[in-house]
Amino acid sequence: MEEIYDPAAVERTAQEYWNQRRTFEVREDNAREKYYCLSMFPYPSGRLHMGHVRNYTIGDVLARFMRMQGRNVLQPMGWDAFGLPAENAAMSNGVPPAKWTRQNIAYMRNQLKSLGFAIDWSRELATCDPSYYRWNQWLFLRMLEKGIAYRKTGVVNWDPVDQTVLANEQVIDGRGWRTGALIEKREIPMYYLNITRYADELLGALDDLPGWPERVKLMQANWIGRSEGCEIMFPYGPDTRAAMSADGALKVFTTRADTVFGVTFMAVAAEHPIALEAGKSNPELNDFIEECRRGSVMEADVATQEKKGMPTGLHVLHPFTGEPIEIWVANYVLMGYGEGAVMGVPAHDERDFEFALKHALPIVPVVLPESFPAEIAALRGRIEAERSAIDAAKAERIASLEREIAARSFDTHEWRSWYGDSGITLSSSEFSGLEFKVAVDAIAAALEKKGLGRKRIQYRLRDWGVSRQRYWGCPIPIVHCGECGDVPTPDEQLPVVLPEDLVPDGSGNPLAKTPAFYECTCPKCGKPARRETDTMDTFVDSSWYFLRYACADQSRAMVDERVDYWLPADQYIGGIEHAILHLLYSRFWTKVMRDLGLVKISEPFNNLLTQGMVLNDIYSYQPPDGRKRYFNPTDVTTRRDADGSEIHEVTTSDAGAIRVVHEGLGKMSKSENNGVDPEGLVARFGADTARLFTMFASPPEQTLAWSDEGVQGASRFIRRLWVAVYDHVSKGLPSKLDTGTLTPGQRDLRRSAHQALAKATDDIGRRRNFNTAIAAIMELLNTIGRFDDVSPQGRAVRHEALEIAVIVLAPITPHVGHALWQALGHETALVDERWREADKAALVQDAVEIVVQVNGKLRGRISVAVGADEATVREAAVGDEHVRKFVGDKPIRKVIVVPGKLVNIVV
RNA sequence: GCGAGAGUGGCGGAAUUGGUAGACGCGCUGGCCUUAGGAGCCAGUGGGGAAACCCGUGAGGGUUCGAGUCCCUCCUUUCGCACCA
């Protein structure tokens with residue numbers, strides 16, 4: 001063993017040892033309990049970033065920990081290799097996306113290997129390989145057969161200058177990122193997957209996922225958004241019938257059927273057929289519809305934009321009163337959601353209220369919220385008295401009382417939060433005086449009788465549009481034939497191979513300009529036909545890769561029986577940003593495969609850990625004229641001013657030393673130039689330091705703030721451990737530990753070591769709090785450092801304590817552990833070692849410190865024997881001199897004893 | 001706008017089930033060692049106070065013998081919002 005810790009040499013030796021023995025390649029073995037440790041696969045962007053390092057270190061710690069627990073551990077890795085960045089890179093440097101992507105994969109694979117992750121590389125996959133994506137195509141065809149995949153129109157962002165569809169990310173403030181042109185919405189035919197068919201199961205099965213964070217399950221539940229409500233038809237008025245040249249009704253969905261008597265307008269989307277029809281004869285309205293078509297399709301934009309509307313002049317009839325209600329076009333109603341139309345109830349919906357105020361529409365209160373002042377409740381009591389025997393005069397009195405309630409309880413100029421609450425209906429004809437649920441039931445029943453509505457369950461979740469008008473993705477296996485229509489590519493012609501030599505130029509999908517790709521013959525009739533040039537959403541690729549790892553070499557089927565051994569994954573680790581879409585799509589895809597008989601599981605991930613982002617300081621300089629510049633924190637020097645405030649400076653080649661502004665902490669990103677390159681970190685400190693710091697700096701689910709000093713602290717700790725082991729073994733290996741003959745000091749160290757072991761085991765195995773496990777070992781090393789007993793038994797106890805430190809750190813800093821384990825005299829490799837169990841006998845203590853409070857404030861400490869009864873503890877507490885000072889001669893009202901912890905004396 | 005989190009010393013964080021707030025690390029201060037220090041070792045370090053003590057977990061209220069932890073209102077901030085991955 002070397003006296004000086006040399007990370008590069010230590011890491012080379014350990015990695016060679018694992019590679020030569022293929023330590024992390026695993027086989028299915030029914031005799032052993034498996035552990036499938038899955039991390040979200042990376043997009044091959046070019047270089048690893050700190051988020052990757054954190055993600056895969058968390059996974060690696062768990063994988064290695066479980067291996068030491070004796071489990072058959074699978075930890076695979078692959079590449080989410082299709083997607084937009086490859087096309088952008090191609091546009092800026094002319095290299096085809098395939099070449100760029102494969103180069104990136106090769107580079108990043110080496111970076112991952114340098115970090116020493118316990119990955120089974122024999123199962124590596126890349127989604128851009130035909131051997132992978134052919135099964136996307138194959139399953140898509142199965143979904144078509146089952147009616148799960150279908151074609152309908154969808155709305156996309158259209159850049160009128162580049163004549164291309166843009167991703168939401170490529171739309172900045174309503175304009176195209178490259179052209180700056182105002183974006184339009186455009187409807188095009190697309191393929192959809194019927195995820196809403198699974199909405200109920202996706203929602204209900206969340207209860208079967210105890211290993212998922214509550215917040216993720218809540219977000220998914222809200223995203224699916226099950227609501228019980230009512231479909232209501234508003235029959236066309238004579239003017240609308242004439243305009244549409246047909247009878248008909250405007251259909252809406254509402255969860256508040258109890259407010260149907262408060263409807264004072266209808267709002268439809270700009271793309272709604274009634275709006276389009278009305279626009280034909282009304283140039284002003286037509287302009288407004290055009291205006292609505294501009295702007296992005298993003299929900300956040302739609303929700304925050306100014307609410308605008310315009311009347312169509314057309315009417316529908318109220319389903320109960322028959323009164324005409326005017327139809328408006330509103331920019332906050334979207335064609336893609338529900339029916340593309342809503343009923344406007346300004347008195348009980350905030351958005352409708354705002355709309356009504358702006359356009360001077362009537363506001364008619366028809367619900368009295370339950371939480372209402374007594375005087376108004378009294379008025380309601382009088383209504384109930386009148387209602388018992390109705391005649392014309394009484395009906396008028398009721399109506400007048402209801403108007404009085406409405407006048408007193410509603411200010412129609414200002415929205416109050418409780419206007420939207422449910423309560424008792426009023427001014428609602430025969431449905432007045434009913435509680436929310438009763439009112440909804442009665443109104444739904446009456447509507448159903450008239451054929452104008454019914455109760456229905458609706459989901460917020462929409463079907464998944466998977467068509468992308470882009471090149472670098474999995475081709476959709478469809479042929480469009482003039483005679484036969486849309487014809488699925490026969491299975492034996494799969495995969496439909498994506499040509500890899502195209503270079504996009506930003507003006508639409510290059511596949512659509514490549515006859516060699518799209519010219520084909522119809523599989524049905526043999527006549528010339530056109531191949532579909534849309535590719536699949538990359539979320540398709542990532543919806544089942546975790547199944548394919550189980551059988552990555554299977555060329556004849558999508559999956560095989562090995563999936564039954566490995567799946568579901570015991571642990572899935574990835575960013576919280578995937579809490580909804582990726583995780584929901586993967587759950588859906590798994591259920592579809594189950595229903596096709598391909599897998600036996602219903603849920604793919606048993607436990608989920610959502611890791612926080614990696615942050616770093618952001619430093620910027622805003623020149624008086626010109627663009628703001630960002631400086632990497634490594635280039636910034638910080639000193640203190642005379643008054644103690646910090647000054648941050650950067651020396652630039654062009655402007656010399658300039659003072660920069662510290663903007664605080666932000667996610668590591670290119671745009672803010674605050675990234676830390678893992679490669680440089682490994683070169684300077686070694687992989688173990690990088691791993692140790694990322695695990696120590698914060699618990700996995702929280703954000704991690706980067707700190708160069710913190711990294712040095714991690715490096716310092718590893719060196720201290722190295723020196724401690726070196727000093728110990730340089731005096732020779734100690735004799736055998738005899739636990740029966742230890743001195744009190746030796747027993748203390750031994751207790752500290754086993755306490756640290758017990759804590760770390762719980763922290764890693766149950767709580768997934770690696771930072772506190774590391775802290776426990778740091779504390780142990782401090783304790784070992786203070787222990788100066790060099791007797792044979794003293795050295796034996798120290799030896800055991802050092803072994804515990806090395807074993808607990810093995811999953812976190814495996815390379816240095818490998819070296820230290822050998823130094824401690826072992827022939828076996830640490831990676832094959834079993835985790836230790838804390839020795840209960842070593843943990844035993846004879847006395848325990850009890851805290852004494854007086855009126856909840858800490859006033860003293862007493863030491864009592866372990867297991868002392870309550871009366872003894874109480875007596876010792878009351879008798880404590882310091883405590884007596886605070887109790888004085890005041891009478892003791894109550895004494896609370898928390899065994900083993902604390903006594904609170906209330907005076 | 002809607003949905004979900006987070007907020008504790010100078011900094012990252014600890015406090016696991018409502019029971020000692022600040023473990024561990026960084027930084028800082030002082031000392032030792034060294035030709036030297038961006039190395040190492042030792043000591044100190046929430047604020048106020050001479051001390052006794054008092055104050056302190058984003059703000060304000062509440063429940064409790066006891067609240068960082070539970071409840072209500074508010075502020076700040078992060079993530080997601082369906083074509084970034």
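Proteins come first, then strands; the chains are lettered A, B, ... in the order of their sequence lines, and each starts at number 1.
Nearest-nucleotide positions on RNA chain B for A/Val906 and A/Asn157 put A/Val906 closer to the 5' end. Take the nearest nucleotide of RNA chain B for A/Asn855 and for A/Ile576: the residue whose nucleotide is more 5' is A/Asn855.
Searching all strands for a Watson-Crick or G-U wobble partner of B/A14 with both distances below 3.5 Å returns nothing. Using N1 to N3 plus N6-O4 or O6-N4 for Watson-Crick, or N1-O2 and O6-N3 for G-U wobble, each under 3.5 Å, B/G9 pairs with nothing. Pairing of B/C53, defined by two Watson-Crick or G-U wobble distances under 3.5 Å, is identified with B/G48. Judged by Watson-Crick or G-U wobble contacts below 3.5 Å, the nucleotide B/U29 has B/A43 as its partner. Across every strand in view, B/C83 sits unpaired, with no contact that passes the Watson-Crick or G-U test at under 3.5 angstrom. Base pairing annotation: B/A4 forms a Watson-Crick or G-U wobble pair with B/U78, both donor-acceptor distances under 3.5 Å. Nucleotide B/G37 is matched to nothing when pairs are restricted to Watson-Crick or G-U wobble geometry with both distances under 3.5 angstrom.
Among the heavy atoms of the strands lying under 4.0 Å from A/Met298 are primed sugar atoms or P, OP1, OP2 only; no base atom is included. When heavy atoms are screened at a 4.0 angstrom cut-off, A/Ile896 is found touching base atoms of the nucleic acid. Across all strands, A/Phe539 comes closer than 4.0 Å to base atoms (heavy-atom distances). Within the nucleic acid shown, A/Trp706 has no heavy atom closer than 4.0 Å to any nucleic acid atom. As judged by a 4.0 angstrom heavy-atom cut-off over every strand, A/Arg684 is placed among the base-contacting residues. Backbone-only contact: A/Leu84 has heavy atoms under 4.0 Å from sugar-phosphate atoms and none from a base. Across all strands, A/Ala300 comes closer than 4.0 Å to base atoms (heavy-atom distances). Contacts of A/Val302 with the nucleic acid, taken as non-hydrogen atoms under 4.0 Å apart, are absent. A/Arg768 comes within 4.0 angstrom of no nucleic acid atom, judged by non-hydrogen atoms across all strands. Note on A/His578: a base of the nucleic acid sits closer than 4.0 angstrom, heavy atoms only. A/Glu709 comes within contact range of the sugar-phosphate backbone alone, with a heavy-atom separation under 4.0 Å but no base atom that close. At the heavy-atom level, A/Glu299 lies under 4.0 Å from base atoms of the strands shown. Among the protein residues, A/Leu461 comes within range of the nucleic acid bases, having at least one heavy atom under 4.0 Å from a base atom. Looking at heavy-atom distances under 4.0 Å, A/Ser467 makes contact with a base.
A donor-acceptor contact under 3.5 Å links the side chain of A/Asn904 to the base of B/C65. Below the 3.5 angstrom threshold, one finds no donor paired with an acceptor across the side chain of A/Gln712 and the base of B/C26. At a cut-off of 3.5 angstrom, the base of B/U16 holds at least one donor-acceptor pair with the side chain of A/Lys759.
Per the geometry, CZ belonging to A/Phe696 stands 14 Å off P belonging to B/G12, to the nearest Å. In this structure, A/Asp349 atom CG and B/C2 atom P are separated by 12 Å, rounded to whole Å.
An OP1 or OP2 oxygen of B/C54 is reached within less than 4.0 angstrom by a side-chain nitrogen or oxygen of A/Arg859. Checking the phosphate oxygens (OP1, OP2) of B/C84, no side-chain nitrogen or oxygen of A/Lys667 falls inside 4.0 Å. For A/His882, a side-chain nitrogen or oxygen approaches OP1 or OP2 of B/C53 to under 4.0 Å. Between B/A23 and A/Asn771, no contact under 4.0 Å exists linking OP1 or OP2 to a side-chain N or O. Between A/Arg716 and B/G40 there is a side-chain N or O to OP1 or OP2 distance below 4.0 Å. The shortest distance between the side-chain N/O atoms of A/Arg468 and the OP1/OP2 oxygens of B/C83 is below 4.0 Å. Regarding contacts with the backbone of B/U20, every side-chain N or O of A/Arg861 stays at 4.0 angstrom or more from both OP1 and OP2. Regarding contacts with the backbone of B/G66, every side-chain N or O of A/Arg893 stays at 4.0 angstrom or more from both OP1 and OP2.
Ionic pairing of A/Glu881 and A/Arg884 is not present here: no N-O contact between side-chain nitrogen and carboxylate oxygen is shorter than 4.0 angstrom. Ionic pairing of A/Arg468 and A/Glu87 is not present here: no N-O contact between side-chain nitrogen and carboxylate oxygen is shorter than 4.0 angstrom. Between A/Lys358 and A/Glu354 there is no salt bridge, since no side-chain N of the basic residue sits under 4.0 Å from a carboxylate O of the acidic one.
Comparing the C1' positions of B/C70 and B/C79 gives an interatomic distance of 26 Å, to the nearest angstrom.
If you look at A/Trp706 and A/Phe693, their ring centroids are closer than 6.0 Å. Taking the six-membered ring for Trp, A/Phe770 and A/Phe696 have ring centres at least 6.0 Å apart.
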Problem - Verdict with reasoning, A/Trp464 to A/Asp537, per side-chain hydrogen bond (donor to acceptor under 3.5 Å, both in side chains) - result: CA-CA 10 Å; A/Trp464 175 14; A/Asp537 180 4; 2.9 Å; yes
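Classification of B/G9 as syn follows from a glycosidic angle within 90° of 0.
By the 30° and 60° cut-offs, the orientation of the rings of A/His578 relative to A/His582 is perpendicular.
Atom CG of A/Asp173 sits in a sparse spot, with 12 or fewer heavy atoms from other residues, nucleotides or ligands closer than 6.0 Å.
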